[in-house]
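Report on the structure given below.
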Amino acid sequence: MPELPEVEVVRRGLADHVVGRTIERAEFRGARVARRHLPGPLDLAARLEGNHIQEARRRGKYLWLVLRAPDGHQQGLIAHLGMSGQLLVEPSEAPEEKHLHARFTFADGDPELRFVDQRTFGGMALAELTPEGVPEPVAHIAPDPLEAAYDQAAVVRRMKTRDSAVKRALLDQSLVSGVGNIYADEALWRAQVHGERLCSSLTKPALRRVLDHAREVMLAALGEGGTSFDALYVNVNGASGYFDRSLHAYGQEGRPCDRCGTLIRREAFMNRSSFSCPHCQPRPRLRHG
DNA sequence: CTTTTCTCCTGTATGC
DNA sequence: TGCATACAGGAGAAAA
């Protein structure tokens with residue numbers, strides 16, 4: 001399930017294999033992959049043809065290619081992988097994947113680029129860039145902990161005023177981006193904080209610790225090529241990451257905590273699952289009123 | 001405004 | 001064996 005480290009691995013792959021090339025033809029299949037493009041997928045494809053790819057950029061879980069049209073106009077081609085999206089660089093003769101949603105061929109020939117997504121939570125969009133160089137639909141996404149614009153002190157101040165669970169805040173991409181369910185659970189385990197603790201009830205140093213750990217666990221995962229659990233997440237070259245061997249909380253229900261040996265528990269949270277250590281991460285007292 | 005819930009999708013695992 | 005159900009979950013819309 002692609003979170004920041006996995007998306008960064010894909011971005012690097014795009015930088016290596018797609019940047020510097022010119023799109024010859026684009027094709028979108030189905031109505032969902034071309035997001036919010038009212039003129040439709042055929043129009044979107046036509047607009048991409050002849051564009052030169054200048055850069056592959058990322059903020060949080062959003063990826064975009066900086067395109068330059070023949071007339072010099074720059075736009076961003078956004079790609080969000082959702083939870084099962086893949087960008088594959090392949091020879092054009094490669095058999096079509098079952099859930100192939102888009103393909104791009106280039107003026108210099110093979111390889112081509114494909115967007116494959118089983119669950120179609122992901123999608124692509126063409127958008128204008130803001131003066132800061134971010135596509136407009138991405139402008140509301142906060143900087144992620146690995147970019148220069150990330151201001152952790154400001155994030156801590158905003159979190160401190162929130163009357164919501166700290167895990168909910170970690171997952172709020174408008175507060176800090178790039179963190180998903182896996183790395184949220186890992187960061188909370190490392191910080192020894194239960195995700196149901198209210199932001200406003202935690203001290204600023206505790207909030208700082210949670211964010212520090214989120215940054216560190218994502219950096220560690222990036223060093224190992226990202227996390228993967230099944231064949232769904234594959235990087236741009238088709239190779240899976242393997243950080244899942246290093247997880248301490250996520251998916252570890254019933255296994256002993258690597259710090260204290262207490263069995264890791266699973267709890268329902270926001271219509272999904274949270275994993276934590278009952279001893280290291282005690283639940284907050286129930287709110288009442 | 002802030003906060004929470006719902007919805008989109010399909011392959012895999014589990015239960016009867 | 002077959003069918004029904006639960007689950008995975010990012011993010012934006014909708015609701016509260």
Side-chain angles (χ1 to χ4, degrees), chain A residues 1-8 10 28-38 58-64 78-87 97-102 115-125 127 134-142 144 155 157-188 195-201 214 218 221 226-234 240-241 244 247 249-254 265-275 287 289:
Chain A
M1 298 123 204
E3 300 182 25
L4 184 153
E6 293 77 22
V7 178
E8 174 60 15
V10 174
F28 294 92
R29 298 183 184 178
R32 272 186 67 81
V33 65
R35 288 300 161 83
R36 289 177 298 193
H37 192 75
L38 295 179
R58 180 189 58 73
R59 168 163 281 183
K61 305 169 194 172
Y62 278 87
L63 270 174
W64 66 93
I78 303 167
H80 196 293
L81 302 178
M83 59 182 294
S84 56
Q86 300 167 251
L87 284 165
E97 289 77 8
K98 182 174 179 185
H99 299 289
L100 176 64
H101 295 298
F115 182 79
V116 175
D117 190 358
Q118 173 189 113
R119 291 172 217 175
T120 57
F121 276 24
M124 303 186 81
V134 175
E136 281 166 355
V138 184
H140 69 291
I141 299 295
D144 65 63
V155 175
R157 284 195 297 273
R158 287 182 66 194
M159 281 180 86
K160 182 66 184 166
T161 69
R162 290 212 171 183
D163 289 318
S164 70
V166 62
K167 181 168 176 180
R168 193 182 284 276
L170 276 180
L171 297 175
D172 182 346
Q173 306 297 300
S174 69
L175 192 57
V176 53
S177 69
V179 183
N181 203 40
I182 297 169
Y183 296 115
D185 277 4
E186 291 303 304
L188 291 164
E196 294 271 21
R197 295 283 302 277
L198 291 185
C199 290
S200 52
S201 78
M218 291 196 294
T227 301
S228 179
F229 297 96
D230 44 31
L232 285 180
Y233 165 70
V234 187
S240 296
D244 51 307
L247 297 177
Y250 184 87
Q252 306 302 305
E253 181 184 20
R265 69 184 157 199
R266 175 164 70 164
E267 297 167 295
F269 181 76
M270 287 172 69
N271 282 326
R272 40 185 58 82
S273 293
S274 286
F275 299 87
R287 284 175 271 165

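These figures come from a predicted structure and were not determined experimentally. Reminder, nothing fancy here: chain letters follow the sequence lines and each chain counts from 1.
For a distance-only test at 3.5 Å, the side chain of R272(A) qualifies as a donor-acceptor partner of the base of dG10(C).
When rounded to the nearest whole Å, the span between CG of N181(A) and P of dG10(C) equals 6 Å. Computed from coordinates, the I141(A) CD1 to dG12(C) C1' distance equals 10 Å when rounded to whole Å. Rounded to whole angstrom, the span from the CG atom of D172(A) across to the P atom of dT5(B) amounts to 15 Å. Straight-line distance from the CG atom of L4(A) to the C1' atom of dG10(C): 14 Å, rounded to whole Å. Straight-line distance from the CG atom of L81(A) to the P atom of dA11(C): 10 Å, rounded to whole Å. If you measure from atom CD of E6(A) to atom P of dG10(C), you get 10 Å, rounded to the nearest angstrom. Regarding R119(A), its CZ atom lies at a distance of 8 Å from the C1' atom of dC9(B), rounded to whole Å. Nucleotide dA11(C) holds its P atom 16 Å from the CG atom of N271(A), rounded to whole Å.
A donor-acceptor contact shorter than 3.5 Å is absent between the side chain of T120(A) and the backbone of D117(A). Looking at R58(A), its side chain never comes within 3.5 Å of a backbone N or O of V7(A) through a donor-acceptor pair.
Not one side-chain nitrogen or oxygen of H80(A) sits closer than 4.0 Å to the OP1 or OP2 atom of dG10(C). Residue Q173(A) places at least one side-chain N or O closer than 4.0 Å to OP1 or OP2 of dA11(C). The side chain of S164(A) contributes no N or O atom lying less than 4.0 Å from OP1 or OP2 of dT2(B). One finds no side-chain N or O of R168(A) lying less than 4.0 angstrom from the OP1 or OP2 phosphate oxygen of dA11(C). Between K98(A) and dT10(B) there is no side-chain N or O to OP1 or OP2 distance below 4.0 Å. A close approach under 4.0 Å does not occur between any side-chain nitrogen or oxygen of H99(A) and OP1 or OP2 of dC9(B).
The side chain of Y62(A) sits closest to dA11(C) out of dA11(C), dC6(B), dC8(B). Proximity note for L171(A) (side chain, C-beta onward) versus dC9(B), dA11(C), dG10(C): the nearest is dG10(C). With dC9(B), dT3(B), dA8(C) as the candidates, the nucleotide lying closest to the side chain of R162(A) is dT3(B). Counting only heavy atoms from C-beta on, K61(A) has its side chain closest to dA11(C) among dG12(C), dA8(C), dA11(C).
Residue F121(A) is the one, among F121(A) and P137(A), whose nearest nucleotide of DNA chain C lies closer to the 5' end (criterion: closest heavy atom).
Ring geometry for H140(A) versus Y62(A): interplanar angle over 60°, hence perpendicular rather than tilted (30 to 60°).
Between D172(A) and R162(A), at least one side-chain nitrogen of the basic residue sits less than 4.0 Å from a carboxylate oxygen of the acidic one, meeting the salt-bridge criterion. A salt bridge is absent between K61(A) and D144(A): the closest approach of a Lys/Arg side-chain nitrogen to an acidic carboxylate oxygen does not fall below 4.0 angstrom.
Counting any heavy atom pair closer than 4.0 Å across all strands shown, R35(A) reaches no nucleic acid atom. At the heavy-atom level, H140(A) lies under 4.0 Å from the strands shown only through sugar-phosphate atoms.
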